[in-house]
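Owing to the predicted nature of the structure, the values given are computational and were not obtained by experimental measurement. Just so you know, these numbers use all the heavy atoms, side chains as well, and skip hydrogens, waters and symmetry mates.
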There are 2 protein chains.
Amino acid sequence: MTKDMTPLLGYRLKLAQHALHRRMEEALRPLGLSPAQYAVLAELNARPDQTNADLAERAFITPQSMQGVLTKLEGSGLVERRQDARHGRRQLARLTGEGRLKAEAANAAVMRVEDLLEAAVHPACVQDAVDLMNRLHNAMCE
Amino acid sequence: MTKDMTPLLGYRLKLAQHALHRRMEEALRPLGLSPAQYAVLAELNARPDQTNADLAERAFITPQSMQGVLTKLEGSGLVERRQDARHGRRQLARLTGEGRLKAEAANAAVMRVEDLLEAAVHPACVQDAVDLMNRLHNAMCE
DNA sequence: TATATTATATCAGGATCCTGATACTACCCA
DNA sequence: TGGGTAGTATCAGGATCCTGATATAATATA
């Protein structure tokens with residue numbers, strides 16, 4: 001006989017993240033950004049002048065996929081890339097002025113979602129929840 | 001100044017689920033199944049004779065997407081669909097004999113991942129972790 | 001009964017991720 | 001100094017999800 005899978009922790013983790021992703025999409029849609037695009041803007045806002053490969057690694061996607069994201073953001077005028085003076089192949093990405101404004105607006109929208117998420121646990125337990133996520137993450141990475 | 005986003009709960013939730021998804025892909029790859037395909041087999045194993053629309057709703061994807069999954073599983077001989085005698089349009093899906101064997105093998109592989117995941121928390125706290133995921137999920141669904 | 005609404009399946013096309021392959025640049029080291 | 005290795009960008013093609021549109025069958029309703 002097969003067990004009922006629905007009460008399992010992995011399934012619940014998937015459900016929670018799926019709902020969060022939907023909420024993120026909704027929060028960012030008015031700004032014309034996808035979650036992936038937002039992640040790049042936030043990252044470049046915190047640490048300018050990163051290569052495509054750097055950004056891909058931080059976002060857990062391949063450099064090929066990040067290429068598409070970055071090219072689109074560049075086409076929208078939110079990001080600019082220029083040659084690394086000391087490296088013939090590297091291209092360093094940074095936010096434009098418009099990109100910085102967009103990143104700040106997106107951060108505000110995302111923080112509203114984060115606040116809703118954290119409101120689901122007692123204020124004193126937020127760190128416990130973060131620790132739990134870290135333990136689950138580490139368990140899946142060996 | 002922009003806050004550092006990395007310690008936030010939503011980000012950690014995303015990371016944990018991402019790592020779990022990778023593990024699931026690895027666990028299912030030897031069986032020739034994707035996580036989405038596994039979900040359908042497990043669901044049909046527990047509840048046979050569901051329509052494409054039913055399965056799509058349970059898996060949180062569109063009927064159009066589920067069509068592709070189901071058509072592929074049908075082509076692999078793991079699932080069969082037949083007309084509902086009382087509904088001219090409905091097609092009911094169920095596992096073939098081979099499909100049942102595959103579903104059982106996949107369940108075993110997935111349970112090994114689930115065990116690793118649950119090992120990251122004290123045995124007495126697994127239910128607490130499940131409850132936390134449910135609270136986070138509900139917070140994102142209003 | 002006749003029509004509108006709902007449910008279901010399916011076609012077409014777009015977005016974003018992936019893997020594999022290729023070209024060019026930088027770095028290490030024998 | 002010269003050649004292998006590693007890093008970076010990019011092209012090509014595949015998988016899977018999405019939205020929008022269409023066709024048909026069942027059901028509700030006037």
Side-chain angles (χ1 to χ4, degrees), chain A residues 14-15 17-26 28-29 31-41 44 49-76 79-94, chain B residues 14-15 17-26 28-29 31-41 44 49-76 79-94:
Chain A
K14 175 186 169 186
L15 247 59
Q17 199 279 333
H18 185 263
L20 168 62
H21 190 258
R22 292 292 193 181
R23 265 299 176 96
M24 288 281 286
E25 285 180 330
E26 289 170 21
L28 292 168
R29 191 173 302 127
L31 295 164
L33 294 175
S34 68
Q37 289 173 332
Y38 160 72
V40 172
L41 293 187
L44 287 177
D49 288 328
Q50 297 191 63
T51 67
N52 177 55
D54 292 335
L55 292 166
E57 187 176 5
R58 288 187 187 276
F60 306 101
I61 64 177
T62 62
Q64 295 95 318
S65 297
M66 183 55 77
Q67 259 293 11
V69 177
L70 221 41
T71 298
K72 203 161 195 173
L73 288 172
E74 202 175 12
S76 304
V79 163
E80 58 188 5
R81 279 186 285 188
R82 52 190 185 72
Q83 281 293 322
D84 185 333
R86 297 173 300 181
H87 196 294
R89 196 116 185 100
R90 275 182 157 166
Q91 295 178 24
L92 302 179
R94 56 168 56 185
Chain B
K14 175 187 168 184
L15 248 59
Q17 199 277 332
H18 186 264
L20 168 63
H21 191 257
R22 292 291 191 182
R23 265 299 176 95
M24 288 281 285
E25 285 179 331
E26 289 170 21
L28 292 168
R29 191 173 303 127
L31 295 165
L33 294 176
S34 67
Q37 289 171 333
Y38 160 71
V40 172
L41 293 187
L44 285 178
D49 288 328
Q50 298 190 64
T51 67
N52 177 55
D54 292 335
L55 292 166
E57 188 176 4
R58 288 189 188 274
F60 304 101
I61 64 177
T62 61
Q64 295 95 319
S65 297
M66 183 55 77
Q67 260 292 11
V69 176
L70 221 41
T71 299
K72 202 161 197 173
L73 287 172
E74 200 175 14
S76 303
V79 163
E80 59 187 4
R81 281 186 284 188
R82 52 187 186 72
Q83 282 294 323
D84 185 333
R86 296 174 300 179
H87 292 74
R89 197 119 184 96
R90 274 183 156 163
Q91 295 179 24
L92 301 179
R94 56 169 55 183

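For the pair A:Gly88 and A:Ile61, nearest-nucleotide mapping onto DNA chain C gives the more 5' position to A:Ile61. Heavy-atom distances to DNA chain D give each of A:Arg81 and A:His18 a nearest nucleotide, and the one nearer the 5′ end belongs to A:Arg81.
Rounded to whole Å, atom P of D:dG7 lies 10 Å from atom CD of A:Glu57. Rounded to an integer number of Å, the gap from CG of B:Asn52 to P of C:dC11 is 12 Å. In this structure, A:Leu28 places its CG atom 13 Å from P of C:dT16, rounding to the nearest Å. Rounding to whole angstrom units, NE2 of residue A:His21 and C1' of C:dA15 are separated by 12 Å. We find that CG of B:Asp84 is positioned 10 Å from P of D:dT27, with the value rounded to whole Å. Rounded to an integer number of Å, the gap from B:Gln50 CD to C:dA7 P is 17 Å. Rounded to whole angstrom, the span from the CG atom of A:Asp54 across to the C1' atom of D:dG7 amounts to 11 Å. Atom-to-atom, CZ of A:Arg82 to P of D:dA9 comes out at 13 Å; the value is rounded to the nearest Å.
Side-chain proximity of B:Gln64 to the nucleotides C:dT16, C:dC11, D:dT27 is greatest for C:dC11. For A:Ala36, taking side-chain heavy atoms from C-beta onward, the closest of the listed nucleotides D:dA26, C:dC17, D:dT8 is C:dC17. Here the side chain of B:His87 is nearest to one of D:dC17, D:dA26, C:dT8, namely D:dA26.
A:Arg94 places a side-chain heavy atom less than 4.5 Å from the side chain of A:Arg82. Residues A:Met24 and B:Lys14 are not in side-chain contact: their nearest non-hydrogen atoms beyond the backbone lie 4.5 Å or more apart. When side chains are defined from C-beta on, A:Asp84 does not count as touching A:Asp49, because their heavy atoms never get closer than 4.5 Å.
Between the side chain of A:Arg90 and the base of D:dT8, no donor-acceptor pair of N or O atoms lies under 3.5 Å. One N or O donor and one acceptor, one from the side chain of A:Arg89 and one from the base of D:dT8, sit under 3.5 Å apart.
Enclosure of atom CD in A:Glu26 by more than 12 non-hydrogen atoms of other residues, nucleotides or ligands within 6.0 angstrom is indicated. Remark: B:Glu57 CD is loosely packed, at most 12 non-hydrogen atoms of other residues, nucleotides or ligands lying under 6.0 Å away.
Look at B:Arg22 and you'll find a side-chain N or O under 4.0 angstrom from OP1 or OP2 of C:dC18. At C:dC18, one or more side-chain N or O atoms of A:Ser65 fall inside 4.0 Å of OP1 or OP2 (strictly under the cut-off).
Among the protein residues, A:Thr62 comes within range of the nucleic acid bases, having at least one heavy atom under 4.0 Å from a base atom.
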